[in-house]
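These notes are about the structure you will find just below.
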Amino acid sequence: MDTNTSQFQTASEMPYANSDLTKTKSKNLSEKLIEHLKSVKKDKSLFFTKGETVYIPDIHGDFVHLIITLYRHDLIDSKLNLNKNHNYIFLGDLYDRAPDSDVIDHWLNTQIKSKLKIYRLVGNHEMAFFERDANGYPVIFPSQDSIKDIS
């Protein structure tokens, strides 16, 4: 499927995800994943055709499964870098439920720096980062996972 994304702005870096704590967490998790991927088989029936737009929905803070899935689809290399032959549209809900939202943003920052065509849409979980009540809690999606992600 060919998608015209020329009218959209590509994603920008998320500055908070460049903190030393997030960098360290990301480095440690990435090293473990790189080692684990040596035993993961790619599935040629899942591969995308060069130039296709790849839509990635509902990651919910689960960096490990995101990376394994991208690897099985041959969309990342053994160093966890996205394949440059595609455009990537993250369909929202990158946050919530799993512990690695900050690592996902740090990883996305790395991909954005390499000039890939990456687009991010805001989902209801991202909305929790924008609208807060007087106590600072998310108004739109006040789950405990969202509150933990925000902190």
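Keep in mind the model is a prediction, meaning the values are calculated, not measured.
Under the side chain to side chain contact (heavy atoms under 4.5 Å, CB included) criterion, His36 pairs with Ser39, Val40, Ile68, not counting sequence neighbours. Every side chain to side chain contact (heavy atoms under 4.5 Å, CB included) that Ser45 has, sequence neighbours left out, goes to Asp43. Listed by chain and number, the residues in a side chain to side chain contact (heavy atoms under 4.5 Å, CB included) with Lys42 are Phe47, Tyr71, Asp74 (sequence neighbours excluded).
Distance CG/Asp62 to CG/Leu94: 11.5 Å, rounded to 0.5 Å. In this structure, CD1 on Ile56 lies 10.5 Å from CD1 on Ile104, to the nearest 0.5 angstrom. Atoms CD1 and CD1, on Ile112 and Ile118 in that order, are 5.0 Å from each other to the nearest 0.5 Å. Here the CG-CG distance, from Asn87 to Leu82, works out to 11.5 Å after rounding to the nearest 0.5 Å. Rounding to the nearest 0.5 Å places CG of Leu75 at 9.5 Å from CD of Glu52. With rounding to the nearest 0.5 angstrom, the CG atom of Asn81 is 8.5 Å from the CD1 atom of Ile76.
Minimum heavy-atom separation, Ser101 to Gly61: OG-CA, 3.6 Å. Contact record, Thr49 with His86: O-CE1, 3.1 Å, taken as the closest heavy-atom pair. Here the closest heavy-atom approach between residue His73 and residue Leu46 is recorded as ND1-O, 2.9 Å. Annotation for His106 and Ser26: closest pair ND1-OG, 3.1 Å, computed over non-hydrogen atoms. Contact record, Leu116 with Asn83: CD2-O, 4.0 Å, taken as the closest heavy-atom pair.
Of the possible donor and acceptor atoms, one in the side chain of Trp107 sits under 3.5 Å from a partner among the backbone N and O of Leu80.
For the pair Asp100 and Lys25, the minimum side-chain heavy-atom distance is below 4.5 Å. Residues Glu35 and Glu31 fail the side-chain proximity criterion, which asks for heavy atoms closer than 4.5 Å.
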